[in-house]
There are 2 protein chains.
Amino acid sequence: MKENLDNLLPASEEGFYPIRTVSEVTGVNAITLRAWERRYGLFKPERTPKGHRLYSQQDILRIQQVLQLLEKGVSIGRVSNALKNETELEDLADITMQSNSGKTLNKNSHNKNNDNELTKQFKEAPSEDQWKTYSEKLLDAVNSYDLEQLERLHHEIFSLYPLEIISRSLLRPVLTDLRNQAEQLQSLSGNYHFYWQFLQQRIGGLFLKSTLQNRGKKILLMAYGDSKANVELMLFGLPLLTHGYRVVVLGSDIPFDAIPMTLSRAGSDALIIYSAAPVSQASPESDQGGSTQTTEMMVSIKAVADSLKMPVFIAGEHSEAESKELDETNLVQLTDSAIEQLKVIDATLSKE
Amino acid sequence: MKENLDNLLPASEEGFYPIRTVSEVTGVNAITLRAWERRYGLFKPERTPKGHRLYSQQDILRIQQVLQLLEKGVSIGRVSNALKNETELEDLADITMQSNSGKTLNKNSHNKNNDNELTKQFKEAPSEDQWKTYSEKLLDAVNSYDLEQLERLHHEIFSLYPLEIISRSLLRPVLTDLRNQAEQLQSLSGNYHFYWQFLQQRIGGLFLKSTLQNRGKKILLMAYGDSKANVELMLFGLPLLTHGYRVVVLGSDIPFDAIPMTLSRAGSDALIIYSAAPVSQASPESDQGGSTQTTEMMVSIKAVADSLKMPVFIAGEHSEAESKELDETNLVQLTDSAIEQLKVIDATLSKE
DNA sequence: ATCATGTTGTACAGATATTGTATAAGGAAG
DNA sequence: CTTCCTTATACAATATCTGTACAACATGAT
């Protein structure tokens, strides 16, 4: 799974970069780089037949980690140990990730003890206030518009924890934080947009790639309401991706009239309609209008669901509000929990 | 000169180019080209019966890929391996972007005719009604919601032609087509959104990756008006990416008040404000209101540009409309042509 | 405080590699 | 005949390699 989802960044696993390039990129003198290697063995770049060093992208990443530690005040001599610790952690995480991906395969195919596995996977969330630390780091990176750092952090996080948890425990809260910040202090709204765009690009790529690689059933994902909901929509859809479904994001501006045609063409197995958090309630014009609009929406959704021959799920904020009205055959309501969502979806779709 | 043209044109029709042409187009000294071929086997152009080299379009592409890698910092001796690696990875993350990076080399070698190079490169667009064929194929794929086919097509196109040309000659027209289609027949709007999302994810990933790898100056890219402008914005920004700039997309909803703060934090070298095509004029409420709003916008932009200490470019539809008002020190207007845009931006930023 | 020792970035020197370009001698194109 | 292209060899300017050394500074013991 790590391999699959994560190599958005590592353009070249092998070493291609000569020392001058690495020196330029990292800002570390070439002489110093050699000294570090010789003295502390911080990295072991490949060599050409004639002995010239060939650094890989990962080597560069390591060097940047070293620099981060240096900034923190760790002396270069100790960095070696610190790094060892971290890589041990990573290796552990790799193992858990792999077991996860193993589950992924099971999911769509035959699998009885869904419950245990799923639950276990989520309970094993190796998180505490660690998320706080990450959250702060992310906000720092956003604050200084440091794209490299942002990528580095996400790279690390994505390779350490399951996407489901990251989405819920870190990315969504951080994004919400930034949005609130932006609403309070308009001059900071650049931060929100910066991170929003980053996530859009980062996770968007992930989506495309995973959906192309996955073999599971095809789920269409759309939102209504906030047109800025794209990223939220994708964050919501991440768990589906990691469980093997092919998820096609359709965004938030599709008129309901177009849905039947779209679905029949797309050959999908299910539709999920997601309502973003009502946030700033978008248009400040109508407060009650909003609610009537919502119920109107619900009526439309029902109609659509009725006319379709496939399961339709709804998720997001509305679900609680009008939960009782929903008892259609193929209109299923999703709770807020990713575990539950997956259980319900798996169950419903395996009936087909 | 005549002779040159005569030589150039018939040759280009057949798709074979003598070495001098290739040298001019790519900016690589003919001697060097031969050396690369001999020493590293980077390409093996056809030969005339008497042994003269005949480069195909593909060969030129190869060379441009090489240049791309050189710009990334790979040493020429390793490019061969890097290329092998890249072609092995039929990986979304490894979309090879070809296009000139002659600038780098030009600085090393002495080269006068920058102008010619750029112009020629664009004129040589290996396109005719070939774009029509592609366009139809794309529309077919969208129509049947065939993500795999869509990806296959883009992969092929992206690896065959320079992104600048693809963006202008294919992607933008197709997207516009779909939008018009959607406006006329609402039930087809799913198609538009499907392709929109695809491009968002596909090109978004490209953006992130390239911006992380590029070393050039940092350009912030924002739009105003249509909030669906993200994809258009990115399509507009593609040429910048392929020319080594780091391009940070900020989207379309940033209030002007937030710009100064954002720019000072982001440490960018320039700002580009892009106005999407007025399309369906978004809100059908105010027609005249729209224009006053636009001029208001212009005033704001001017104010912002004045207060900033970096070049501010504006591009898109408005530029023609109010072109005459713009004579600020650091507010530069971009024409519709990617060549011109790049020339102007390069020139302005190299002054800094 | 003093002296010894360790750390760390950088410098130097001599050898080898890399890489763009130059030259020479001859064939090909027009 | 002149210009371009071919190959092969050569060359010069950098880059990089290794190993040793040094200077600035920190640590620690006497």
Side-chain angles (χ1 to χ4, degrees), chain A residues 15-55 59 63 66-67 69-83, chain B residues 1-11 14 16-55 59 63 66-67 69-71 73-82 101-111:
Chain A
F16 298 125
Y17 301 100
I19 198 169
R20 66 171 177 283
T21 302
V22 179
S23 173
E24 275 174 33
V25 168
T26 61
V28 181
N29 194 323
I31 298 177
T32 309
L33 280 177
R34 283 191 278 259
W36 284 0
E37 180 185 341
R38 172 170 24 96
R39 303 214 257 238
Y40 318 109
L42 291 180
F43 28 77
K44 24 158 196 160
E46 303 283 317
R47 299 299 188 106
T48 71
K50 301 300 181 53
H52 282 203
R53 271 162 257 253
L54 291 177
Y55 292 82
D59 291 323
I63 294 170
V66 170
L67 288 177
L69 288 180
L70 284 188
E71 267 182 29
K72 278 187 194 169
V74 181
S75 78
I76 185 67
R78 320 279 148 178
V79 161
S80 168
N81 296 324
L83 266 183
Chain B
M1 208 51 185
K2 244 184 190 175
E3 289 169 2
N4 279 341
L5 275 181
D6 282 344
N7 284 339
L8 196 76
L9 288 180
E14 292 175 20
F16 287 117
Y17 308 81
I19 197 169
R20 69 172 180 287
T21 305
V22 178
S23 172
E24 282 172 23
V25 168
T26 60
V28 181
N29 193 321
I31 297 180
T32 308
L33 279 177
R34 283 191 278 261
W36 283 0
E37 181 184 341
R38 171 170 24 96
R39 301 214 257 238
Y40 317 110
L42 292 180
F43 31 77
K44 26 173 186 172
E46 300 289 315
R47 299 298 187 106
T48 69
K50 300 301 176 49
H52 283 204
R53 270 163 258 253
L54 289 179
Y55 291 83
D59 291 323
I63 295 170
V66 169
L67 290 175
L69 286 178
L70 284 188
E71 213 179 52
V74 179
S75 67
I76 186 65
R78 307 298 128 198
V79 161
S80 164
N81 296 323
S101 43
K103 282 183 295 178
T104 316
L105 278 182
N106 291 348
K107 277 168 193 165
N108 283 343
S109 57
H110 25 47
N111 199 322

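All values derive from a computational prediction rather than experimental measurement. Residue numbers begin at 1 in each chain, while the letters A, B, ... track the order of the sequences.
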Between [X] and [N], does any side-chain N or O lie under 4.0 Å from OP1 or OP2?
| X | N | answer |
| --- | --- | --- |
| A:W36 | C:dT8 | no |
| A:T48 | C:dA17 | no |
| B:K50 | D:dC5 | no |
| B:N29 | C:dT21 | yes |
| A:R53 | D:dC17 | yes |
| B:R78 | C:dT18 | yes |
| A:Y40 | C:dT8 | yes |
| A:R47 | D:dT18 | yes |
| B:T32 | C:dT19 | no |

Comparing nearest nucleotides in DNA chain C, the 5'-proximal residue of the pair A:P49, A:G77 is A:G77
Do [X] and [Y] touch side chain to side chain, with heavy atoms closer than 4.5 Å?
| X | Y | answer |
| --- | --- | --- |
| A:Y17 | B:V74 | yes |
| A:V22 | A:D59 | no |
| A:L69 | A:R78 | no |

How many whole angstroms separate atom [atom1] of [X] from atom [atom2] of [N]?
| X | N | atom1 | atom2 | value |
| --- | --- | --- | --- | --- |
| A:R34 | D:dG19 | CZ | C1' | 12 Å |
| B:E46 | D:dT6 | CD | P | 14 Å |
| A:R38 | D:dA21 | CZ | P | 13 Å |
| A:R39 | C:dT8 | CZ | P | 8 Å |
| A:R20 | D:dT16 | CZ | P | 5 Å |
| B:I76 | D:dT16 | CD1 | P | 15 Å |
| B:L42 | C:dT18 | CG | C1' | 14 Å |
| A:I19 | C:dA17 | CD1 | P | 17 Å |

Might you point out which heavy atoms bring A:P45 and A:L54 nearest each other, and give the distance in Å? CB-O, 3.5 Å
Any chance CD of B:E46 has more than 12 other-residue heavy atoms, nucleotides or ligands included, within less than 6.0 Å? no
Applying a 4.0 Å non-hydrogen cut-off, can you work out what B:I31 is touching in the nucleic acid: base, sugar-phosphate, or nothing? base
